[in-house]
Chemist: 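My questions will all concern the structure given below.
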Amino acid sequence: MRADVLLVGGGLANGLIALRLRALRPELRVVLVEREARLGGSHTWSFHTGDLDAAQRAWLEPLVRRSWPGYDVRFPGLERRIAGGYHSVASEGLDRALSRALGERALLGCGARDVRPDGATLDDGREIEARCVIDGRGFPAARFMNAGFQKFLGLEVELAADHGLEAPLLMDATVPQEGGFRFVYVLPLGPRTALVEDTCYADDPALEPAALRERIGAWAEARGWTIARVLREERGALPIPLEGDIGALWAALPAGVPCAGVRAGLFHATTGYSLPQAAGLADRIAARPALESAGAYALVRGLSEEWWASQGFFRLLNRMLFRAADPGERWRMLAHFYRLPEPLVHRFYAGRLTFLDRARILSGRPPVPVLRAARSVRARPLVAGPA
Ligand SMILES: Cc1cc2nc3c(=O)[nH]c(=O)nc-3n(C[C@H](O)[C@H](O)[C@H](O)COP(=O)(O)OP(=O)(O)OC[C@H]3O[C@@H](n4cnc5c(N)ncnc54)[C@H](O)[C@@H]3O)c2cc1C
């Protein structure tokens with residue numbers, strides 16, 4: 001089989017690239033290979049209005065399941081509504097859009113085992129040749145950073161009565177702080193449906209699904225909600241980089257194969273969100289006059305290194321969160337942050353903090369012990385061992 005562009009992995013990043021290529025470069029033969037039986041996995045991908053420019057928001061609009069004009073946060077002693085849009089894309093929507101756009105050129109239920117700049121070998125032995133190959137198979141098994149984890153389990157539930165929530169509850173950190181910075185995240189998807197996630201910024205990625213489901217049930221019950229049905233479940237453990245070496249990532253990846261998404265390190269260091277970077281990369285790829293692996297590799301590698309360098313301050317904050325604060329006290333850093341002005345909060349999520357913003361985040365009565373904060377400024381060497 002031959003393709004102009006072969007996308008390996010049908011997740012968020014390659015999914016957006018496929019949609020952009022079909023919309024702007026219909027002459028190209030785009031083939032996408034996905035190991036699972038459906039595209040996009042089981043995710044709800046959210047983003048803030050300011051994370052994307054107006055043109056990107058416009059082309060993503062058909063994928064958006066719900067939008068809200070703001071969101072709430074709750075900490076002990078702080079309840080706040082942050083204005084500014086918040087939007088969610090469901091993986092079912094991406095799956096539908098991609099299936100429509102690619103038809104039989106989306107090969108499902110078949111993984112790729114050997115991915116090269118000029119093609120790939122699939123698990124069933126088929127060979128696909130392509131001028132441009134983009135590897136979007138999710139996090140690579142490469143040791144390039146020391147990380148904490150944002151781990152979570154979410155249940156999309158239908159309630160017996162209306163929940164009455166007007167806006168997402170991005171963080172309810174008034175829950176017991178067990179095992180790290182813990183909060184409940186709620187998206188009110190319909191009058192009686194909501195995605196309720198139990199999230200923890202923890203030192204290890206291990207999830208205990210049964211316990212988390214119980215916690216979510218207890219949280220809902222405490223609010224007076226009766227869960228009539230669980231519609232769906234999603235979970236994840238996203239690495240939150242504390243320090244690392246982006247060069248080591250690229251050295252560990254196959255030479256000359258362009259990557260996309262989290263595989264290329266294109267995600268927000270503190271939140272783990274990757275949708276804004278995925279949308280930006282899709283635009284850049286689709287705008288290339290000639291698409292071939294060598295040029296796409298140079299583009300992605302450049303963007304990845306630039307993005308990693310620009311995220312240094314966020315990795316510093318992560319080190320303070322994970323190393324300077326005791327696990328049960330980590331919430332204080334976020335409570336301090338959420339007292340800051342709205343425009344700064346928006347720039348934080350967009351990864352575009354100014355020098356003054358950084359000073360404001362670090363100023364005031366320190367939410368973590370000063371000596372430990374000072375020690376956490378210095379990055380540590382990479383921990384050896386399996387990724
Ligand atoms: C449950 C969850 C919720 C998240 N919520 C948000 C959010 O709200 N906002 C946000 O911006 N980010 C969010 N993230 C973080 C991040 O944006 C996602 O992980 C995102 O899906 C990463 O996109 P990606 O395309 O790099 O990888 P993925 O979307 O994980 O896609 C990788 C794809 O490659 C496929 N694959 C793997 N190996 C092979 C193989 N050998 N051959 C073929 N296919 C293969 C996988 O099956 C998968 O479909 C969330 C993550 C998770 C886990």
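In each ligand, atom 1 is the first atom listed, and ligand 1 is the first ligand listed. Heavy atoms only: backbone and side chains are in, while hydrogens, waters and symmetry mates are out.
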Chemist: Return yes when atom CZ of Arg323 has more than 12 non-hydrogen atoms of other residues, nucleotides or ligands closer than 6.0 Å, and no otherwise.
Modeler: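 Count over threshold, so yes.
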Chemist: Taking all atoms of both residues into account, what is the closest heavy-atom pair of Trp68 and Ser88, and its distance?
Modeler: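 The pair with the smallest heavy-atom distance is CZ3-OG, 3.6 Å.
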Chemist: I'd like the contact residues of ligand 1, where contact means a heavy atom below 4.0 Å.
Modeler: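 For ligand 1, the contacting residues are Gly9, Gly10, Gly11, Leu12, Ala13, Val33, Glu34, Arg35, Glu36, His43, Thr44, Trp45, Ser46, Gly111, Ala112, Gly136, Arg137, Gly138, Phe152, Glu234, Arg235, Gly236, Leu238, Gly261, Val262, Gly272, Tyr273, Ser274, Leu275.
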Chemist: When you measure from the centre of the six-membered ring of Trp45, is the NZ or CZ of Arg65 closer than 6.0 Å and no more than 45° off the axis?
Modeler: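 Output no; distance or angle outside limits.
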Chemist: Going by the ring pair (Phe, Tyr, Trp, His ring centres under 6.0 Å) test, name the single residue among Tyr273, Phe139, Trp307, Phe314 that passes it with Phe267.
Modeler: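 Passing option: Phe139.
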Chemist: I'd like to know whether CD of Glu221 has more than 12 heavy-atom contacts from other residues, nucleotides or ligands below 6.0 angstrom.
Modeler: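 No.
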Chemist: Is it the case that the side chain of His268 and the backbone of Gln277 share a donor-acceptor pair, with hydrogens and angles ignored and the cut-off at 3.5 Å?
Modeler: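 No: the side chain of His268 does not pair with the backbone of Gln277.
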